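Nothing here was measured: the structure is a model prediction, and the numbers come from that model.
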Amino acid sequence: MLLDGISFHGQTITAYVLMSYVSPVTYSVANTTKRAVLIWLSVLVFGNAITLSSGLGTVMVIAGVLMYSRAKQHDQTKRILFSVPSTQVDRHYK
């Protein structure tokens, strides 16, 4: 039980540190991906049966992660294309 408590405390501290580096949505996507990986590891390691719902759920997770990644890249590209360099802003307000 002591090891379990220490592990949980370490996981919680790690989560707070990670959330200071990434957005809450990115953290949530990573957490969802982690859960899907754990499900498939249990299938491979313990020989758990693959059900239709676990297969569809994994496909949904992968598709969601890919769509999120694509949307994030698209947003970053738009921010770069439509941003005004700070030197132009400084000249305008002087």
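Interatomic distance, CG of L44 versus CD1 of I50, reported as 7.5 Å (0.5 Å rounding). Between the CG atom of D75 and the CD1 atom of I80 there is a distance of 10.0 Å, given to the nearest 0.5 Å. Rounded to the nearest 0.5 angstrom, T32 OG1 and Y68 OH are separated by 11.0 Å.
Within the structure, no pair that satisfies the side chain to side chain donor-acceptor pair (under 3.5 Å) test touches residues 5-17, not counting sequence neighbours.
In the displayed structure, M60 atom CE is contacted under 6.0 Å by at most 12 heavy atoms of other residues, nucleotides or ligands. A 6.0 Å sphere centred on NZ of K72 holds no more than 12 heavy atoms belonging to other residues, nucleotides or ligands.
Applying the side-chain hydrogen bond (donor to acceptor under 3.5 Å, both in side chains) criterion to D4, with sequence neighbours excluded, gives no partner residue.
When S28, P24, S23 are each tested for a side chain to side chain contact (heavy atoms under 4.5 Å, CB included) with T26, only one passes: S23.
Annotation for Y27 and A15: closest pair OH-CB, 3.0 Å, computed over non-hydrogen atoms.
Clustering ILVMFWY residues whenever any of their side-chain heavy atoms sit less than 4.5 angstrom apart, transitively, puts F46 in a cluster other than the one holding L38. Linking Ile, Leu, Val, Met, Phe, Trp and Tyr whenever their side-chain heavy atoms come within less than 4.5 Å puts V29 and V61 in one cluster.
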